[in-house]
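Working notes for the structure below.
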2 protein chains.
Amino acid sequence: MSGRRIPDATVERLPVYLRVLHDLATTGQGTVSSEQLAEMAGVNAAKVRKDLSHLGTYGTRGVGYDVDFLSFEIASRLGLASETAVAIVGMGNLGRALANHAGFRDRGFPVSNLYDNDESKVGTEVAGHVIQHLDELGAVAKADIGIGVITTPPEVAQDVADRLVQAGVRAILNFAPIVIAVPAHVTLRKVDLTHELQVLNFYQQREGADAATQPDGSAAWLREI
Amino acid sequence: MSGRRIPDATVERLPVYLRVLHDLATTGQGTVSSEQLAEMAGVNAAKVRKDLSHLGTYGTRGVGYDVDFLSFEIASRLGLASETAVAIVGMGNLGRALANHAGFRDRGFPVSNLYDNDESKVGTEVAGHVIQHLDELGAVAKADIGIGVITTPPEVAQDVADRLVQAGVRAILNFAPIVIAVPAHVTLRKVDLTHELQVLNFYQQREGADAATQPDGSAAWLREI
DNA sequence: TAGATTGTTAATCGATTAACAATC
DNA sequence: TAGATTGTTAATCGATTAACAATC
C-alpha cells in the first residue's frame, strides 16, 4: 500500500537507495531484487521492501524492481526533479571546502551564494563565486535559495540562522557546534563533526570493554590487578 | 537505576548534553535542572531525565544536576578521559579543511596523521603535518590511531577502509558517498553531505505540501485547476 | 507449471512521553 | 514544612523483522 506519510526512518534511507540505484544503472543492470539492494545499501531485505512499500507498489513479484523506474520514483519523492540552490554562510576552512565540493552541483544542489561578515573576505572569489557580505542576505529573492548552510563559528550561528529565515530560507543545514532554534515551518538538520568522533569513541571503547568481558561477567582487567 | 547498557538513542544525545554543560560551566552556573538542560539541548525534560538515569543517579531531587559533576560523568562514559588521535585519509578540499579544524584538537581529538596516494601531495604540509603516502599506513603502531577519517573519492573508500582496519584502526568516520563494509569489531559512522541536502529537500517540500493542504484533506493546488 | 520475489501481516523490540511518588 | 525537581513507572508510539500468501 502506498501510504501517504513516509516514516522518518524510511526517509533517512531513501538517499542511500538512490545512490545504490544510480550505481546499478551505471553498470547497466536493469532490475534489482530487494535482496541485492539491501546488500548494497547495508540493510536487510525486509526493510527495503517495507521502505519501498511506503512509496508505492513499484516492484514485480518474481522479478524485482526496475532500476531506472525506481530511481526516478525515489528522486521524485525527494523533490529532486528540479535543482535546489544552496547558500553557504561562513567562508572558513569548512565553508570553502563545501563551496568547492563538486558533489553538490553534480547531485542537483548548485552552490549559488557565499556569505561572510569578514570585510577582508568579502569581494574575493571562492569556487567561482564572489563572497558577499552577510548584510546582503536579505536582498536575495525568497525563492532563490533553497537551502542555507551554516559554517560559521558557533557564536554567530543563531544570528545567521535568523537572517536566513528572515530571507525566506526554509531549510538549513547547520555545521556550527551549537543548538540553534528555528520556526516550525523551517526544516533544520545539523552535522557536528566532533559529535561524530565522540559517539565513535563511545562505541569503540564499549566494544573493547565487551571484548574484555569474560563469560561470567567480570571484566578482564580485574584479573590483572 | 544505572542500567549497564546505554540505549543508542541516548548515546547520540550525550555529546549534545556535554556541549550544553560546558557552556553552562563557562557561564559559572553550578547546577542545572532537567528542564533547563532540555531547553538548551532542544529536547524535552522527560527525555533528559530518562537519558541521564541510564548513566546513574547523579541528580538531586528538588535541586537538579551539578554541572561540573555531570559533565565529568558524561565525558567519562564517552571515553573522553584521554585523547584519541585521528588520522585523515584523502587530502582534497574536505580532508584539508578537517585537518585545519581546530575543534578536533580542542575537544580531545588531535589530528596525528595525514595520508594521500597522490605523489604530488605526499611530503607537503597541511596544518603542520607532512602528508604521508597511503602505503605508509601499515607502519603505524596499532594504538597510535584511534579514529580513521576517510575523505577520499568513493572509488577508493573501501580500499582505504580495508587498509585502516589492517593497520588496527577500530573506529572509522566515512565522508565518501558510498556504503563501505568493515568487520564487526570496527565501529563505522558516515557523514554524507549530499544525503543531508536530499533529506532536507524532502521535508522542505513536504512542509510546503502540508501547508497547501486544506483541513478537509484536499490539496490547495487542486482548486487552482 | 515451478521458481522467484514482492507486498503485507503480525510479532517484537526499542524509544518517547506524561505522570507522579520519592525526596531533597 | 512547602516547593521544587528527580528517578521511575507504565502507556504509547514508531521501527524492525520474520514469515508467508500473493503473484509474476
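Note that the structure is predicted; figures quoted are calculated from it, not measured. Each chain gets a letter, A, B and so on, in the order the sequences are listed, and its residues count up from 1. These numbers come from the heavy atoms of this one structure, side chains and all, not from hydrogens, waters or symmetry mates.
When rounded to the nearest whole Å, the span between OH of A/Tyr65 and P of C/dT5 equals 12 Å. Atom P of nucleotide C/dA15 and atom CG of B/Asp51 are separated by 10 Å, given to the nearest angstrom. If you measure from atom CZ of B/Phe69 to atom C1' of D/dT6, you get 15 Å, rounded to the nearest angstrom. Residue A/Asp8 contributes atom CG, which lies 11 Å from atom P of D/dT16 at whole-angstrom precision. Remark: P of C/dA4 and CG of A/Leu37 are 20 Å apart, rounded to the nearest angstrom. Atom CG of B/Leu55 and atom C1' of D/dT6 are 14 Å apart (whole Å). As rounded to whole Å, 13 Å separates atom C1' of C/dT6 from atom CG of A/Leu70. Nucleotide C/dG14 holds its C1' atom 10 Å from the NE2 atom of B/His54, rounded to whole Å.
With hydrogens and angles ignored, the 3.5 Å screen pairs no side-chain donor or acceptor of B/Asp66 with any backbone N or O of B/Thr31.
Side-chain N/O atoms of A/Arg5 include none lying less than 4.0 angstrom from OP1 or OP2 on D/dC13.
No more than 12 heavy atoms of other residues, nucleotides or ligands shown are found within 6.0 angstrom of CD on B/Glu39. Counted within 6.0 Å of OH on A/Tyr58, heavy atoms from surrounding residues, nucleotides or ligands total more than 12; the atom is thus considered enclosed. No more than 12 heavy atoms of other residues, nucleotides or ligands shown are found within 6.0 angstrom of CD on B/Glu35.
A search for side-chain hydrogen bond (donor to acceptor under 3.5 Å, both in side chains) contacts involving A/Thr10 returns A/Asp51, not counting sequence neighbours. Legend: residues meeting side chain to side chain contact (heavy atoms under 4.5 Å, CB included) with A/Val43, ordered by chain and number and at least two apart, are A/Arg13, A/Tyr17, A/Ala38, A/Ala41, A/Lys47, A/Val48.
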Using the rule given for side chain to side chain contact (heavy atoms under 4.5 Å, CB included), can you reason through A/Arg189 versus A/Ile172, listing the C-alpha separation, both sets of side-chain angles and the distance that settles it, and then say yes or no? CA-CA 6 Å; A/Arg189 286 174 73 85; A/Ile172 293 176; over 6 Å; no
Verify side chain to side chain contact (heavy atoms under 4.5 Å, CB included) between B/Arg77 and B/Val11, making sure each step is shown before the conclusion. CA-CA 9 Å; B/Arg77 281 309 187 95; B/Val11 173; over 6 Å; no
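Under a 4.0 Å N-O distance rule, the pair A/Lys190/A/Glu196 does not qualify as a salt bridge.
Contacts between residues 23-35 of chain A and DNA chain C, counted as heavy-atom distances below 4.0 Å, involve A/Ser33, A/Ser34.
Between A/Arg49 and A/Ser34, the shortest heavy-atom distance links the atoms NH1-OG, 2.9 Å.
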Let me check something: any side-chain donor-acceptor pairs from residues 147-154 of chain B under 3.5 Å, sequence neighbours excluded? List them with distances.
from     : atom 1 : to      : atom 2 : distance (Å)
B/Thr151 : OG1    : B/Val89 : O      : 3.0
B/Thr151 : OG1    : B/Gly90 : O      : 2.6

For nucleotides 17-24 of chain C, read 5' to 3', which letter fits each nucleotide if B means a protein heavy atom sits under 4.0 Å from the base, S means only the sugar-phosphate is that close, and - means neither? BBBB-BBB
Toss me the dot-bracket line for DNA chain D: Watson-Crick and G-U wobble, both under 3.5 Å, 5' to 3', using | for pairs to another strand and [ ] for crossers. ..||||||||||||||||||||||
